[in-house]
Amino acid sequence: MTRYISTRGHGTSKDTGPKNFEEVLLEGLAPDGGLYVPESWPTFDTKTLERMAGQSYVDVAAQIMLPFIGTSIDHAAFTKIVHETYAGDVFDHAAVTPLSQLSPNVWMMELHRGPTLAFKDVALQLLGRLFDHVLEKRKERVTIVGATSGDTGSAAIEGCKSCENVDIFILHPAGRVSDVQRKQMTTVKADNVYNIAVNGTFDDCQALVKAMFNDAKFRAEMNLSAINSINWARIMAQIVYYFTTALALGAPHRKVSFSVPTGNFGNVFAAHVARQMGLPIETLMVSSNRNDILTTFFETGEMKMSGVEASLSPSMDIQISSNFERYLFDLVGRDALKLTELMNEFKKNGKFKLSDALMNQARKDFRAHRCDDEQTLAMIKSCYDETAQVIDPHTAVGLSAALSMQGDPSVPVVTLACAHAAKFPDAVEKAIGRRPQLPERLGDLMECPELLTPLPNDLAKVQDFVRSHSHVSKKSAA
Ligand SMILES: *Cc1c(COP(=O)(O)O)cnc(C)c1O
């Protein structure tokens with residue numbers, strides 16, 4: 001059965017032994033500050049992949065994820081949760097992540113068919129249900145707190161709004177998220193969802209969340225939990241669509257390449273895992289905007305922290321890609337000591353450099369590309385002119401990288417459409433002169449009444465609010 005270890009090696013095997021899926025799901029970050037990964041990658045042989053070709057998304061999803069669950073969750077219960085997530089009407093297309101064709105050899109995987117129009121729905125819809133199931137079994141409740149600059153908050157809220165055992169508090173910087181993004185969070189009607197508009201910046205929101213986690217008494221009292229991008233279960237759910245897409249385009253007998261708009265390295269790492277599991281992937285392209293720390297790393301071998309600049313693709317405006325640590329762990333031969341040294345060096349000096357031998361391998365695993373705002377706008381326009389498809393700025397960054405690849409013409413290139421154009425209407429209007437429409441099923445979003453609580457940038461006030469609204473505290477008081 002699959003067990004999980006920390007990339008930093010401590011706090012798992014020596015103390016309590018490797019963790020199971022359920023523990024990893026609820027804990028998120030390992031106690032030593034590392035990230036959880038399976039002890040080994042499960043693999044699928046050609047025969048099994050052949051059998052999967054032509055199966056529905058939900059059936060492939062169950063088969064791909066089961067080895068990661070092990071015996072931690074009852075198989076029948078897990079399969080039921082997977083069906084509720086991917087076989088109902090949560091996503092507005094039967095294929096969940098359908099493909100569209102942009103040119104003879106370039107395809108687009110549409111990851112924006114979920115309730116909040118961004119790819120994070122694919123994982124967070126599953127995560128909310130898994131959390132609820134596990135908590136029900138344990139007779140526990142948790143309080144989830146998180147900060148958002150836009151996309152993650154709404155996907156997390158949509159994923160948790162039906163959970164019986166979860167209260168979710170999302171902090172956003174008042175007046176600093178787009179109207180669509182705010183409405184997607186504040187119009188959700190559920191008595192376990194709380195939107196807090198902090199009078200401050202996104203960094204202030206993040207600092208407040210961090211401070212709540214660092215307050216051991218409060219953390220225990222509220223049974224705090226997080227579903228941020230380092231949670232293993234999010235990666236696991238994202239592996240699936242690389243399989244379904246490659247199988248649709250001819251795998252296992254034909255190789256496929258992917259271009260992935262990258263921020264925290266979660267989505268592209270899931271593709272790397274799919275390859276480790278036996279999916280024949282030719283090239284994996286790490287696509288960045290002007291915040292190109294990853295592109296520079298693949299060029300020079302040096303990972304160097306630098307300031308973040310606001311771009312047209314804000315979900316990729318990151319300084320450190322938290323999930324990169326998972327890849328680095330594999331790259332250094334799963335040597336937790338060596339990995340910990342590198343991460344400590346990065347923390348201390350803001351940089352580290354890898355040997356030529358390691359970089360040779362890294363450049364076999366990934367290629368990297370950058371695309372600035374001007375190129376992003378030009379890409380949205382040329383895609384519209386040539387295919388009549390309206391794409392969002394993140395998708396444009398990925399497409400620009402996909403078109404830069406000049407590989408074997410018999411290998412299809414798939415670029416990931418990570419968000420719907422209507423989430424970023426200003427950039428799209430700037431590029432093509434018209435505003436994209438929200439999909440019909442979100443039609444009256446802009447008219448729905450909003451529910452949010454404005455609070456000052458003050459830890460005690462935010463904690464008071466969480467304490468007085470979380471059902472965890474009500475239960476313990478009773
Ligand atoms: C979150 C997000 C990304 C970045 O994905 P990572 O998994 O963090 O690399 C890219 N595009 C959009 C639209 C996103 O919401």
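What's counted below: heavy atoms across the whole structure, side chains too, no hydrogens, waters or symmetry copies. In listed order, ligands and their atoms are each counted from 1.
An N or O contact shorter than 3.5 Å links F265 to ligand 1 by distance. At least one N/O-N/O distance between K120 and ligand 1 falls below 3.5 Å. Any N or O atom pair closer than 3.5 Å counts here, and N267 shares at least one such pair with ligand 1. Residue A118 has no nitrogen or oxygen atom sitting less than 3.5 Å from a nitrogen or oxygen atom of ligand 1, judged on distance alone. Residue G266 has at least one N or O atom closer than 3.5 Å to an N or O atom of ligand 1.
If you check which protein heavy atom lies closest to atom 8 (O) of ligand 1, you get N264 N, 2.7 Å. Protein heavy atom closest to atom 11 (N) of ligand 1, with residue, atom name and distance, is H394 CD2, 3.4 Å. Looking at atom 4 (C) of ligand 1, its nearest protein heavy atom turns out to be G263 N, 3.5 Å.
Between F119 and H112, the gap from one ring centroid to the other reaches at least 6.0 Å.
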Could you go step by step and tell me if Y36 and R3 meet the side-chain hydrogen bond (donor to acceptor under 3.5 Å, both in side chains) rule? CA-CA 10 Å; Y36 285 117; R3 293 195 152 265; over 6 Å; no

Is there a salt bridge (charged side-chain N to carboxylate O under 4.0 Å, His left out) between K423 and D392 once you walk through the steps? CA-CA 8 Å; K423 284 199 99 162; D392 101 287; over 6 Å; no

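The aromatic rings of F297 and F352 lie perpendicular to each other, with more than 60° between the two planes, well past the 30° mark. Aromatic ring pairs are classed by plane angle as parallel below 30°, tilted from 30° to 60° and perpendicular above 60°; the pair F366 and F298 is tilted. The aromatic rings of Y4 and W232 lie tilted to each other, with the angle between the two planes from 30° to 60°.
Close approach of ligand 1 to C418 is summarised as follows: ligand atoms under 4.0 Å from at least one heavy atom of the residue are 11 (N), 12 (C), 13 (C). Under a 4.0 Å criterion applied to the non-hydrogen atoms of T262, ligand 1 contributes the atoms 9 (O). Interface atoms of ligand 1 facing M316, defined by a heavy-atom separation under 4.0 Å, are 10 (C). Remark: ligand 1 atoms within the under-4.0 Å shell around heavy atoms of S315 are 2 (C), 3 (C), 4 (C), 12 (C), 14 (C), 15 (O). Using a 4.0 Å cut-off to heavy atoms of A419, the atoms of ligand 1 that qualify are 13 (C).
A donor-acceptor contact shorter than 3.5 Å is absent between the side chain of D372 and the backbone of R290.
In summary, the side chains of Q63 and D59 do not present any donor paired with an acceptor at a separation below 3.5 Å, with no hydrogens or angles considered. A donor-acceptor contact under 3.5 angstrom links the side chains of D121 and T116, judged on distance only.
At least one test fails for R326 against the ring of W41: distance under 6.0 Å to the centre or angle within 45° of the axis.
Contacts between D151 and ligand 1 below 4.0 angstrom, taking non-hydrogen atoms only, involve the side chain exclusively. Only side-chain heavy atoms of F119 come within less than 4.0 Å of ligand 1; its backbone N, CA, C and O stay farther off.
Taking 4.0 Å as the cut-off, F269 does not count as a neighbour of ligand 1 on heavy-atom distance.
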